[in-house]
**Student:** 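Have a look at the structure that comes next, please.
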Amino acid sequence: MPVITFQGAQYTCHGNETVTDCLERHGVSVATSCRSGICQTCLMRAVSGQPPYVAQKGLKPSLQDNNYFLPCVCTPTGDLTVALPGDKVLQRIPATVILKDHLNTGIIRLRLRPEQPFEFRAGQFINVCRETDGEVRSYSIASLPQYHEAIEIHVRRVSNGRVSTWLHDHVLPGERLLIEGPHGECCYMPDNRQQGLLLIGTGCGLSPLYGVLRDALDHGHAGPILLFHGSSSHDGLYLVDELRHLAEAHANFRYIPCVSAEPARTGYAGGRAEQVALQSVKSLAGMRVYLCGHPDMVKDTKRKAFLAGASLQEIHADPFITTHKTPLIDKQATAG
Amino acid sequence: MSKTLFDKLGGEKAVDAAVDIFYRKVLSDDRINKFFADVDMDKQAAKQKAFLTLAFGGPSNYSGKDMRVGHAQLVKIGLNDTHFDAVVENLGATLKELHVPDELIAEAAQLAESTRNDVLGR
Ligand code: HEM
């Protein structure tokens, strides 16, 4: 009979029991709602073992690829080790800081070299842990595993943000941090190379989008790719030259930097990134949309993008903003 | 056993096709969209799917009691018959857009109707 490993303990499934039933029979309480594989309240991830297809049906392809499944309709056919999406069951591993530089006055770039094998995809996120007090924050990955051994993250200084100020002021190249992950599914999916991609980000929400963009270009994505990056001021934008170069080199890629609180200079659009984007792209029908940045912007733009024609299955957002609430993030992606 | 409306409409595929259309209508409908203002889009989409599966008489573990509990908060803030009618109207318009025959649309409306008292907490 299949054995479920969850949070370090093992539970044996009886008969046709689902993962949810099995855990509950053993007195483990897990969040559920519809119990019929629809509402996704109970979403889990198989860390090892393969959940049956029915338990993944209806999930976004990127979630399926990352072994997410719905335990309420999962009758396992073999042993499974399962974790909640925000769980810390995955091992923390050491990673060495091999580069630290400023992207602008408020945002630094860190490149981290994992000291153990670490598979990831651009656009996913890792949790960075400060060993002395166990504080954890999530940061999205801007780099491509196929070219960089290192994991690149962009860290905005948050006033009174314990982890971000520590990373900004104290952590030096050569030092080791503990990381955990990767998580999330805000990734490029090479399943439809003709599809239009709309990328909208504010502040260091550019980090995962930069990863998704380069991954798409690397896969030879043929459809149009539009990136709207916004900040209140010109100084709040970053990687502007790199992105302009990419746009020159790829006819199907357009980069539109947006500033909302200053008169826009030549080559920049005036207004908030999401507004400029939704004004210039009239119908989003058939497009895949990525939204990263300030949580309010993401929430609001999800709705607007949907109403402008994007299918719900095609709207991807920086996941850690909504999954684990305040303690895990330094409001990391807040505009600026 | 006779075929359910859910099967006649084309099963899960039909529901998937209807979710985006239906939810877009609901969010654009000023008579009822305030009830959906604060819900998370992704979770809500999953719930819309549950709603449509139920409305089509498909496999569902929801009971009348669940419908009461699920909408009790909304009843407190004023959910009433006119809102219910608006939802049924959007459901009909969605099915029409998907070229579902009129007699099946009527069947779906009737099924939705059967939940009215539970949804409105009466
Ligand atoms: C036509 C009959 C209706 C049916 C069969 C129905 C069915 C459902 C179902 C299955 C859920 C998911 C419950 C859950 O898993 O938590 C739900 C949630 C919801 N329904 Fe309905 N519903 C009906 C009418 C309405 C009406 C008239 C409104 C308001 C105009 C409404 C607004 C909502 C909202 C806002 C939620 C989400 C509540 C939350 O997430 O907290 N429903 N409904």
Side-chain angles (χ1 to χ4, degrees), chain A residues 18 20-21 31-43 53-54 57-63 68 70 72-73 85 184-186 283-287 289 291 295-323 325, chain B residues 4 6 11-30 32-73 90 93-94 97-98 115:
Chain A
T18 64
T20 304
D21 291 339
T32 64
S33 176
C34 78
R35 305 184 81 100
S36 40
I38 295 169
C39 77
Q40 303 188 16
T41 303
C42 62
L43 187 71
Y53 170 69
V54 287
K57 209 171 54 166
L59 297 179
K60 291 179 186 173
S62 47
L63 284 176
Y68 285 90
L70 298 170
C72 70
V73 289
E185 47 86 39
C186 191
S283 168
L284 273 56
M287 290 188 102
V289 183
L291 305 171
D296 292 338
M297 182 284 285
V298 169
K299 182 165 175 251
D300 188 52
T301 309
K302 252 192 200 176
R303 183 176 296 252
K304 288 186 174 141
F306 174 64
L307 289 175
S311 164
L312 279 171
Q313 297 282 324
E314 297 285 6
I315 303 176
H316 300 258
D318 222 350
F320 55 81
I321 290 163
T322 46
T323 27
K325 298 225 161 66
Chain B
T4 63
F6 181 76
E12 189 166 346
K13 272 215 186 94
V15 175
D16 285 339
V19 166
D20 274 0
I21 301 176
F22 175 68
Y23 193 28
R24 205 169 276 132
K25 287 191 193 301
V26 167
L27 286 186
S28 314
D29 186 338
D30 288 335
I32 49 175
N33 54 14
K34 64 168 187 230
F35 293 107
F36 297 85
D38 280 336
V39 285
D40 177 81
M41 288 283 289
D42 289 322
K43 291 222 172 92
Q44 195 52 41
K47 286 183 178 172
Q48 294 303 322
K49 193 168 169 184
F51 164 84
L52 288 170
T53 304
L54 206 68
F56 295 169
S60 157
N61 296 337
Y62 282 108
S63 64
K65 180 164 163 280
D66 293 334
M67 286 298 93
R68 276 174 194 276
V69 175
H71 298 90
Q73 278 309 110
N90 284 310
T94 302
E97 212 170 304
L98 291 168
T115 66

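In what follows, every heavy atom counts, from backbone to side chain, and hydrogens, waters and symmetry copies are set aside. Reminder, nothing fancy here: chain letters follow the sequence lines and each chain counts from 1.
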**Student:** Do you know the tightest heavy-atom contact between B/Asp20 and A/Phe306?
**Tutor:** O-CZ, 3.3 Å
**Student:** What's the shortest heavy-atom distance between B/Tyr23 and A/Leu312, and which atoms?
**Tutor:** CD2-CD1, 3.7 Å
**Student:** Are the side chain of B/Arg24 and the backbone of A/Ala308 linked by a donor-acceptor contact shorter than 3.5 Å?
**Tutor:** no
**Student:** Considering only heavy atoms, which portion of B/Gln48 lies under 4.5 Å from any heavy atom of chain A: side chain, backbone, both, or neither?
**Tutor:** neither
**Student:** With rounding to the nearest 0.5 Å, note down the distance linking CG in B/Asn33 to CZ in A/Arg303.
**Tutor:** 8.0 Å
